[in-house]
Amino acid sequence: MNVHNELLNKVKLAASHTQTKRLNIQGCKKGQVYLIGAGSGDPELLTMKAHRILQHADVILVDCLVSSELQQYFPSNVEVIFVGKRQGCHSMPQASISRLLVEKAQENKIVVRLKGGDPSIFGRLSEETNALAEHHIPFAIVPGVTAASACSAYTGIPLTDRTCSQSVQFVTAHFKDEQQQANWSQLVAAKQTLVFYMGLTRVDSIVKQLIEHGMKPNTPIAIVDKGTLAEQKICCQTLAKINVEHALKDFTGPALVIIGDVVNQRKDVNLAMLKADYFVKERVPWQLPF
């Protein structure tokens, strides 16, 4: 019993020190910004560091690709501003988002910019950090699980394989200047995996360009729709045989396109094992063991 009481006192003491430290931080805080990757789709892909920092936020600027289920982890009194951007629908221009980050930080608030996936991969990170640096606002970046890694894991497609893929290229299907084009001649190199972000409406164009620049028509292609979510769908075919109008008619995005021989290495993943309630057992009334 004495050992139990001693342990309990230590826990209480540690908790009081933690609370005191937290209050001291809040008491002398200055404006600062955290650019955080929320992971791709599945809310449980949020990292522990991201979760910890979220608890101290005064303001959270949220992208539309961030799962709405993550709001359960937000502080109850936090100001939430939705600034999501999706193809053809921008709720707030990028310049306005960057300006808002600066303004909120200048109010001596702890600001979190919560982005889907990883902020440094097609997340317009440099545009926001440039604005913060220009105004001498301290910031930190918390990485997240990017769509390529998440969709690869949840569909059983390895991004690399010793027998057929020695490298991976992440490619955006949408450029700031629509006159720009990817370096297609470089992309058709053998023994690599191509991952196109935001490519659902560009699959036909991607396939056409790759074949015209020398990629084998029998190269496998996979399109993953709503990767890591319960509604996840996948279409696996070859460049020559993919019929976008028919095969992807029920796909709504966001979608990821994976191209390369690694698609043939796909194995079925038991997604039920990843569900939040997988280890939850039905509770039974407590009984004496005799």
Side-chain angles (χ1 to χ4, degrees), residues 40-41 63-65 85-90 94 116-118 120-124 146-161 163-229 231-267:
S40 180
D63 273 351
C64 66
L65 292 180
K85 299 184 296 296
R86 294 193 70 170
Q87 182 184 352
C89 181
H90 289 201
Q94 181 59 53
D118 182 277
S120 67
I121 300 179
F122 307 127
R124 304 193 181 189
T146 188
S149 299
C151 291
S152 169
Y154 278 60
T155 59
I157 299 174
L159 289 178
T160 63
D161 184 277
T163 66
C164 62
S165 178
Q166 300 169 345
S167 64
V168 184
Q169 288 203 53
F170 296 165
V171 189
T172 178
H174 295 269
F175 297 92
K176 184 175 182 180
D177 182 354
E178 290 299 327
Q179 300 302 315
Q180 291 180 334
Q181 285 289 324
N183 188 339
W184 298 104
S185 298
Q186 182 188 58
L187 294 179
V188 299
K191 289 188 177 295
Q192 70 172 344
T193 303
L194 302 179
V195 181
F196 286 87
Y197 283 64
M198 302 162 285
L200 182 60
T201 62
R202 303 288 179 94
V203 175
D204 268 338
S205 175
I206 292 169
V207 168
K208 179 182 178 182
Q209 291 284 359
L210 290 175
I211 292 177
E212 286 184 355
H213 285 81
M215 184 170 281
K216 295 179 180 179
N218 65 347
T219 301
I221 178 174
I223 300 92
V224 184
D225 188 54
K226 288 185 168 55
T228 78
L229 298 176
E231 304 87 357
Q232 174 178 290
K233 299 186 185 73
I234 182 169
C235 171
C236 296
Q237 199 44 271
T238 64
L239 297 182
K241 293 183 178 180
I242 182 73
N243 183 328
V244 172
E245 185 175 350
H246 174 72
L248 307 182
K249 62 183 178 64
D250 295 326
F251 284 27
T252 59
L256 195 82
V257 181
I258 304 174
I259 299 173
D261 290 332
V262 291
V263 176
N264 286 338
Q265 303 296 323
R266 181 191 176 209
K267 299 295 185 295

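Please read all numbers here as calculations on a predicted model, not as lab measurements.
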Q: Using the side chain to side chain contact (heavy atoms under 4.5 Å, CB included) rule, take Val203 and Leu248 through it: C-alpha gap first, then chi angles, then the decisive distance, then the call.
A: CA-CA 10 Å; Val203 175; Leu248 307 182; 4.0 Å; yes
Q. Has the side chain of Ser205 got a donor or acceptor atom that lies under 3.5 Å from a matching backbone atom of Arg202?
A. no
Table please: side-chain donor-acceptor pairs of residues 239-247 below 3.5 Å, with sequence neighbours left out.
unit_1: Asn243; atom_1: OD1; unit_2: Glu245; atom_2: N; d: 3.4
unit_1: Asn243; atom_1: OD1; unit_2: His246; atom_2: N; d: 3.2

(Q) Can you tell me how far apart CG (Asp225) and OG1 (Thr252) are? Round to the nearest 0.5 Å. (A) 4.5 Å
Q: Could you go through the side chain to side chain contact (heavy atoms under 4.5 Å, CB included) check for Arg266 and Ile234 one step at a time?
A: CA-CA 11 Å; Arg266 181 191 176 209; Ile234 182 169; 3.5 Å; yes
Q) Considering only heavy atoms from C-beta outward, does the side chain of Asp261 approach that of Asp161 to under 4.5 Å? A) no
Q | Atom of Val171, atom of Ala182 and distance for their closest heavy-atom approach | A | CG1-CB, 4.4 Å
Q | Atom pair CD1/CH2 of Ile211 and Trp184 - distance to nearest 0.5 Å | A | 11.5 Å
Q | Test side chain to side chain contact (heavy atoms under 4.5 Å, CB included) applied to Val262 and Cys164, step by step | A | CA-CA 7 Å; Val262 291; Cys164 62; 4.1 Å; yes
Q.
Using the ring centroid of each side chain, check whether Phe170 and Phe122 are separated by less than 6.0 Å.
A. no
Q. Considering only heavy atoms from C-beta outward, does the side chain of Ile221 approach that of Val263 to under 4.5 Å?
A. no
**Q.** Nearest non-hydrogen partners of Asn264 and Pro220, listed with the distance
**A.** ND2-CG, 3.3 Å
Q. Between Lys226 and Gly253, is there a donor-acceptor pair closer than 3.5 Å when you use the side chain of the first and the backbone of the second?
A. yes
Q.
Determine whether a donor-acceptor pair (N or O, by modelled atom type, separation under 3.5 Å) exists between the side chain of Lys191 and the backbone of Thr163.
A. yes
Q) Any side-chain heavy atom of Gln237 within less than 4.5 Å of one from Val207? A) no
Q. Are Leu187 and Gln209 side-chain neighbours, meaning at least one heavy-atom pair lies under 4.5 Å?
A. no
Q) Is the side chain of Thr228 donor-acceptor paired with the backbone N or O of Ser40 at a distance under 3.5 Å, no angle test? A) yes
**Q.** Residues forming a ring pair (Phe, Tyr, Trp, His ring centres under 6.0 Å) with Tyr154, sequence neighbours excluded
**A.** none
Q.
I want to check something: taking the side chain as every heavy atom from C-beta on, are Tyr197 and Leu256 in contact at a cut-off of under 4.5 Å?
A. yes
Q: Would you mind telling me which of Ser167, Ser152, Ser165 makes a side-chain hydrogen bond (donor to acceptor under 3.5 Å, both in side chains) with Thr193?
A: Ser165
**Q.** Beyond-backbone contact of Met215 with Ile259, side-chain heavy atoms, under 4.5 angstrom
**A.** yes
Q: Measure the spacing between CD1 of Ile157 and SG of Cys236 and express it to the nearest 0.5 Å.
A: 5.0 Å
Q. In Å, rounded to the nearest 0.5 Å, how long is the span from CZ of Phe196 to CD of Gln169?
A. 8.5 Å
